[in-house]
Each structure stands twice: as structure tokens, then as C-alpha cells.
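Take a look at the structure below.
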Amino acid sequence: MHYVRLVIVGASGRMGRSLLENAANMEHIKVVAAIEHPGSEWLGKSIHGVSVTGDLSEHITQSDVVIDFSSPESCVRAARIATESGVRFVSGTTGLTEEQLDALAECSHQAAVLHAANFSVGVNILERLVELASRASGEGFDLEVFEAHHKRKVDAPSGTALFLGEAAARGRDQCLSDVAQWARHGQVGPREDDEIGFQVVRGGDIVGEHTVFLCGHGERLELTHRATDRGIFARGALRAAAWLATRRPGQYSMSDVLFEQ
Ligand code: NAD
């Protein structure tokens, strides 16, 4: 039977485990290696039936796609190792600098690369809807983005809130950095018509909630996504990997996976 051969980088992390667990139930996917950093206590142990090792290069020729959920440095290193061998690369690692994103773009000349800050199918559909709603609503509607996450999250607003904010700005032919209102406190004065405000909640074990408000006169549209299970990101990344396995070199997005005809 034909299946896609995967290597998972960051295998013992929260996402790595979820990927291994979900992949174990998919007939069209086979995980051929699980990679951790060379000092990991998991080396030589097995997670969901796959033995953990420390050297991606050793396994690269047996794989079709590498999926990475690790750290920014490790992501770029893995991308180079994979694409130099013509192996496609999927990554959900967040917090990459501009230089690191440029490095991924460079890698995509050799093999297909898909990097996404959020692999949820629902969030990526929401992003399309937000751009559409922002464009259609036009002047007279104020845009605000709300997000809530668990108390351990260290960055704010979330990468997904920024992703949605960018879609909202794009819908109005604006650049988010020109119109974003990151915080309001004290005598901030009335709201500017074209600003896009961000509101952040942190607490408990909230997996992730995002709402884009379009507030008009006498009506309000709220576009909401609620994540209740981290498995959505793993399943989205596995879907992306299976899709990417037959693609030519270049940079791809979840939008390509979901909306390509
Ligand atoms: P985590 O800390 O639980 O796991 C990261 C794993 O990567 C750890 O096990 C760590 O040992 C491993 N690692 C670090 N350096 C490595 C190296 N050089 N080689 C191999 N493995 C290495 O974190 P997590 O919650 O699994 O998240 C990982 C990344 O994915 C973060 O950047 C997070 O923000 C991001 N994330 C993205 C999405 C998405 O949909 N795009 C969803 C959830 C998390």
C-alpha cells in the first residue's frame, strides 16, 4: 500500500506526542522516525510505538515529509537538512524571526515548505471569512480581535490573533502594523475609525479562543473559533503533510491545502 513516510521533529513535546498519537490511527501515513534534541531523556525510548532518536540526517533519505514542532533554531536546522535532500518540510513552530522566516523561504527553492502559525482547519477557514467580512462590511464597521489562552502562554497577542488581524487589515487594503491598537488604558480618547484593536485574556487551561468583532451601528457580527483539543493542530499538520507530499518546490500555506481546487 502507498503511504506518506513522515519524520517528526520535537517528538516528545506536546505537539510531537499528539502528532505521533494521531498518525498512528491514519492508514495513509507512516512515521518512520521521531527526533528529539541530542541531550533528551527520550532518546532510545518509544512514543506511540516509534523509537526516539537524535539525528535527523540519519533518517532523511527514508522520508517523504518532515514535520517540525520544536524551537525556532531547531526548525531552521531541520528545514535545511530536509530540503537539501529534496524532502518536503512542514512546520508549526512559532516565534521565528524575520531572518529565520527568510531561511525557510530560501529552503523552499529546493523542496516544498509549509509553515503555519495555526494548523487548525477551523481557524484557517475563519481567516478567509474574516477577510471577506472585513472587505464586505466596509466603512461604518469597527474591527476588533479578541483572544483567550491558558495561563502558561508567554506571548501576546497570539500568533493566530495576528494572523486574523492581518486578514482583517487586508480586507480593507491596509497594513496591520499601520492600524493595530495593541492596548487601551486610561484616557485613550475616542476610537479611530480604521484601527484594529486587540484584546487579550490569559487564564486557566483555555486551549485557544479567537473572535473577530465587526461592530456597526445597530448590528454586530462576531466570527468565533474555539479550540477544545490540541489534537486539531496535529490533525491539521498531518493533513498538510499528506497534501504537501506531492507538491513541487515552493512556499505553501494552509489556505492552499484547504482551498486549492
Ligand atoms: P514543547 O516544548 O512541548 O515541545 C517542543 C519539543 O521540541 C520538546 O520536546 C523539545 O525537546 C524539542 N526540541 C527542541 N530542540 C530540538 C532539536 N534541536 N531537535 C529535536 N527536538 C527539539 O512545545 P509544543 O507545545 O509541542 O510546541 C512546539 C512549537 O509548536 C512551539 O513553537 C509552539 O508555539 C508551536 N505550536 C504551533 C501550533 C500550530 O498550529 N502551528 C500549535 C501548537 C503549538
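Every value quoted in this text rests on a predicted model; they were computed, and no experiment measured them. FYI, the numbering just counts along the sequence from 1.
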*Any idea which heavy atoms bring Ala112 and Arg248 closest together, and the distance?*
CB-O, 3.4 Å
*Indicate the atoms forming the closest heavy-atom contact of Leu214 with Ala133, along with that distance.*
CD2-O, 3.6 Å
*asked:* Could you report the tightest heavy-atom contact between Ser91 and Cys75, atom names first, then the distance?
replied: OG-SG, 3.4 Å
_Nearest 0.5 angstrom please: Ile81 CD1 to Leu56 CG, how far?_
4.5 Å
*Judged by atom type as modelled, is there a donor-acceptor pair below 3.5 Å linking the side chain of Thr93 to the main-chain atoms of Ser70?*
yes
*Verify whether one side chain among Ser71 and Arg77 offers a donor that lies under 3.5 Å from an acceptor in the other.*
no
_Please determine whether salt bridge (charged side-chain N to carboxylate O under 4.0 Å, His left out) holds for the pair Glu147 and Arg202, giving the CA-CA distance in whole Å, both sets of side-chain angles, and the decisive distance to 0.1 Å._
CA-CA 9 Å; Glu147 62 105 329; Arg202 291 286 174 270; 2.8 Å; yes
*Over 12 non-hydrogen atoms of neighbours within 6.0 angstrom of CZ in Arg184*: yes
_Crowding at CG, Asp178 (>12 non-hydrogen neighbours, <6.0 Å)_ = yes
*asked:* Would you say Val9 ends up clustered with Leu96 if hydrophobic residues are merged whenever their side chains have heavy atoms under 4.5 Å apart, either directly or through other cluster members?
replied: yes
*Look at the side-chain heavy atoms of Ile, Leu, Val, Met, Phe, Trp and Tyr, link any pair under 4.5 Å apart, and say whether Val4 and Ile8 land in one connected group.*
yes
*Evaluate the criterion side chain to side chain contact (heavy atoms under 4.5 Å, CB included) for residue pair Phe141 and Arg172; output intermediate values, then yes/no.*
CA-CA 11 Å; Phe141 279 78; Arg172 299 199 166 172; 3.7 Å; yes
*To the nearest 0.5 Å, what is the distance between CZ (Arg247) and OG (Ser108)?*
15.0 Å
*State, with a plain yes or no, whether a side-chain heavy atom of Ser12 is found less than 4.5 Å away from one of Ile47.*
yes
*Look only at the side chain of Ser120 and the backbone of Val123, and say whether a donor-acceptor pair between them is shorter than 3.5 Å.*
yes
_To the closest 0.5 Å, what do you measure between NZ (Lys45) and CD (Glu36)?_
11.5 Å
_Flag if over 12 foreign heavy atoms under 6.0 Å of NZ, Lys153_ = yes
_Gln62 atom CD, over 12 foreign heavy atoms within 6.0 Å_ = yes
_Under the salt bridge (Lys or Arg N to Asp or Glu O under 4.0 Å) definition, can you give me all pairs with a residue in residues 88-117, not counting sequence neighbours?_
none
*Using modelled atom types only, decide if a donor and an acceptor are shared between the side chain of Ser40 and the backbone of His37 within a distance under 3.5 Å.*
no
*Going only through I, L, V, M, F, W and Y residues with side-chain contacts under 4.5 Å, is there a path from Phe89 to Leu20?*
no
*Is a side-chain donor-acceptor pair under 3.5 Å present for Thr97 with Gln100?*
yes
*Any chain of hydrophobic side-chain contacts (each under 4.5 Å) joining Val31 to Ile35?*
no
*Test item: Thr53 and His59 side chains (from C-beta on) under 4.5 Å apart, heavy atoms*: yes
_Glu166 side chain to Phe163 backbone, donor-acceptor under 3.5 Å_ = no
*Atom CG of Asp205 and atom NZ of Lys151: how far apart are they, to the nearest 0.5 Å?*
9.5 Å
*Inter-residue atom distance Arg239.CZ - His28.NE2, 0.5 Å rounding*: 10.0 Å
*Closest approach of Leu176 and Leu162, non-hydrogen atoms and distance?*
CD2-O, 3.8 Å
*Of the non-hydrogen atoms in Leu43 and Gly54, which two are nearest, and what is the gap between them?*
CD2-N, 3.7 Å
*asked:* As a quick check of understanding, evaluate salt bridge (charged side-chain N to carboxylate O under 4.0 Å, His left out) for Arg235 and Asp229, giving each step before the final call.
replied: CA-CA 11 Å; Arg235 289 189 287 277; Asp229 169 12; 3.4 Å; yes
*Should Arg220 and Cys215 count as side-chain neighbours, where that means a heavy-atom distance under 4.5 Å?*
yes
*asked:* Measuring only between side-chain heavy atoms, which start at C-beta, is Val145 closer than 4.5 Å to Ile196?
replied: yes
*Assess whether side chain to side chain contact (heavy atoms under 4.5 Å, CB included) is satisfied between Leu19 and Leu238, documenting all intermediate values.*
CA-CA 7 Å; Leu19 286 161; Leu238 291 165; 3.9 Å; yes
_Nearest heavy atoms of Asn118 and Asn124, plus distance in Å_ = O-ND2, 2.9 Å
*Taking only residues two or more places apart in sequence or in another chain, which ones pass ring-ring contact (aromatic ring centres under 6.0 Å, His included) with Phe69?*
Phe119
*side chain to side chain donor-acceptor pair (under 3.5 Å) with Arg135: which residues, sequence neighbours excluded?*
none
*asked:* Please say yes or no: joined through hydrophobic side-chain contacts below 4.5 Å, possibly via intermediate residues, are Val7 and Val52 part of one cluster?
replied: no
_What's the separation between atom CD in Glu209 and atom CZ in Phe146, rounded to the nearest 0.5 Å?_
6.0 Å
_Partner of Glu127 under side-chain hydrogen bond (donor to acceptor under 3.5 Å, both in side chains), chosen from His210, Arg170, His225_ = Arg170
*Does NZ or CZ of Arg128 lie under 6.0 Å from the centre of the six-membered ring of Phe259, at an angle within 45° of the ring axis?*
yes
*Would you sort out whether Ser137 and Leu221 count as a side chain to side chain contact (heavy atoms under 4.5 Å, CB included), showing the intermediate values?*
CA-CA 10 Å; Ser137 60; Leu221 176 61; over 6 Å; no
*Would you check, one step at a time, whether the test salt bridge (charged side-chain N to carboxylate O under 4.0 Å, His left out) holds for Arg191 with Asp142?*
CA-CA 9 Å; Arg191 187 187 196 287; Asp142 297 324; 3.4 Å; yes
